[in-house]
2 protein chains.
Amino acid sequence: MTEQPVMTPAAERVLEVVEKLFYDNGIHAVGVDMIAAEAGVTKKTLYDRFGSKDAIVRLYLERRDARWREHVTAVVEQPGRFSPRRRVLLMFDALESWMAAENPRGCAFVNALAELPDPDHPARPAIASEKQWVLDYLRQLVRETGARNPRKVAASLFMLFEGAAVAASFDVVAGAVAGARDAARQLLDAAL
Amino acid sequence: MTEQPVMTPAAERVLEVVEKLFYDNGIHAVGVDMIAAEAGVTKKTLYDRFGSKDAIVRLYLERRDARWREHVTAVVEQPGRFSPRRRVLLMFDALESWMAAENPRGCAFVNALAELPDPDHPARPAIASEKQWVLDYLRQLVRETGARNPRKVAASLFMLFEGAAVAASFDVVAGAVAGARDAARQLLDAAL
DNA sequence: TGGTAAGTATACCGGTCAGTTTAGTTCGAC
DNA sequence: GTCGAACTAAACTGACCGGTATACTTACCA
């Protein structure tokens, strides 16, 4: 989450280009030569700015996480004062529009974890923190509904949430996110 | 699912060794030299038996899928004649024991999909078929309970199922699979 | 006016990638 | 007793990996 001070134009171009390359092709499959070529930047510049590929991977995930959180909070906390119960369900609307607009390859953080098994990889904190944030946010929203067992309910909604992303990326269930939202409503209402 | 006719001892060793290497480190991170060395086999032999790394990847996923289906059906269809409702929930017991015994790196098929974005990769059918089987099996089990809307209920349980695996691999929710089973019971009972 | 940061262009490093080649060994079956 | 299948050993290919080195240009700023 620690946003870098200022990015030079070339560095900014690299981070823009990398967002699509890493997500679409996977991290290992994208080499630094391809990144430099696609961004219209020399490898020298790339290494002067970032120092290593791993650092670029870290920034890729941190920036994507930041965009994702902005998207979610913009949907959930939109003006109009929705009820706490409604705000919980808006999380799933946020996921639905994110998946539709962004990409069909599932959760970038789940995918990144699959590619980076090393617990000491510099990008791991960014990966862990995204999921922790989603869970914490759900917990807060559920708590505000006054539901019984808010932690347990939030955990169930979290799994529906992540499962919906998996189901959508495998294209095995039609209307996965909408179905997850329906199930979430049922679980939530049963605890109210 | 098409199991190969007969594997020579060396080929069998390769497939045994690859199961752990690919799952633990990811597919891209494991080279054919490492596979050959770990299996105590020459690269020549490896290529004589399998022809390409992609073919080994395909067999890795097919064999893991076969083991997984055997595990699930052994738990769900264990002698003692459980009720249909109980058998649905046994799916989650199967997942729990699988995760505990096998590995903490989440679903191998979700991870493989993250690493193999090419829709034409020879291993893709194996990846898709595992998830389709889980969904179909859940549909069948739910149908046998006589629940209303069996397809919709099964889809919700499927997402809880996949989400539990993600939650467990991120280690963000304690007792993820047990929590998913509780939520599944609630959704199922509401449809009976 | 002179220094510095940001950039280009290009060649290079050692290592690893998937895959091939050549030569020789072991062993059971017909 | 010979043929073939399964295997070892080891060198090799060309491409690509992440990362570095050298030399030069541009532009702003004190």
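Per chain, numbering begins at 1; letters A, B, ... match sequence-line order. Keep in mind it's a predicted model, so treat the numbers as computed, not measured. The analysis underlying the following values was restricted to heavy atoms, covering all of them including side chains, and did not include hydrogens, waters or symmetry mates.
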Per-nucleotide protein contact string for nucleotides 5-27 of chain C (B base, S sugar-phosphate only, - none; heavy atom under 4.0 Å) = -SSBBB-------BBBBB-----
Phe170(A) versus Glu162(B): any side-chain heavy-atom pair under 4.5 Å?
-> no
Are Tyr137(B) and Thr73(B) close enough that some pair of their side-chain heavy atoms sits under 4.5 Å apart?
->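 When only atoms from C-beta onward are counted, Thr73(B) and Tyr137(B) do touch, with a gap below 4.5 Å.
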Overall bend of the helix from dT1(C)-dA30(D) to dC30(C)-dG1(D) (five pairs an end, 10° steps) is 0°
side-chain hydrogen bond (donor to acceptor under 3.5 Å, both in side chains) pairs touching residues 170-186 of chain A, sequence neighbours excluded, are Asp93(A)-Arg181(A), Glu96(A)-Arg181(A), Asp182(A)-Arg185(A), Asp182(A)-Lys152(B)
Kindly state each residue pair satisfying side-chain hydrogen bond (donor to acceptor under 3.5 Å, both in side chains) with at least one member in residues 114-123 of chain A, sequence neighbours excluded.
->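 Checked against side-chain hydrogen bond (donor to acceptor under 3.5 Å, both in side chains) - neighbours excluded - the pairs reaching residues 114-123 of chain A are Asp54(A)-His121(A).
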Non-neighbouring partners of Arg105(B) that pass salt bridge (charged side-chain N to carboxylate O under 4.0 Å, His left out), sequence neighbours left out =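 With neighbours one apart ignored, the set is empty.
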Specify the closest pair of heavy atoms between Leu157(B) and Leu138(B), including all atoms of both residues, with the distance to one decimal.
->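 For Leu157(B) versus Leu138(B), the nearest heavy atoms are C-CD1, 4.1 Å.
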Any residue meeting ring-ring contact (aromatic ring centres under 6.0 Å, His included) with Phe109(B), in chain and number order, not counting sequence neighbours =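 Checked Phe109(B) against ring-ring contact (aromatic ring centres under 6.0 Å, His included); zero matches.
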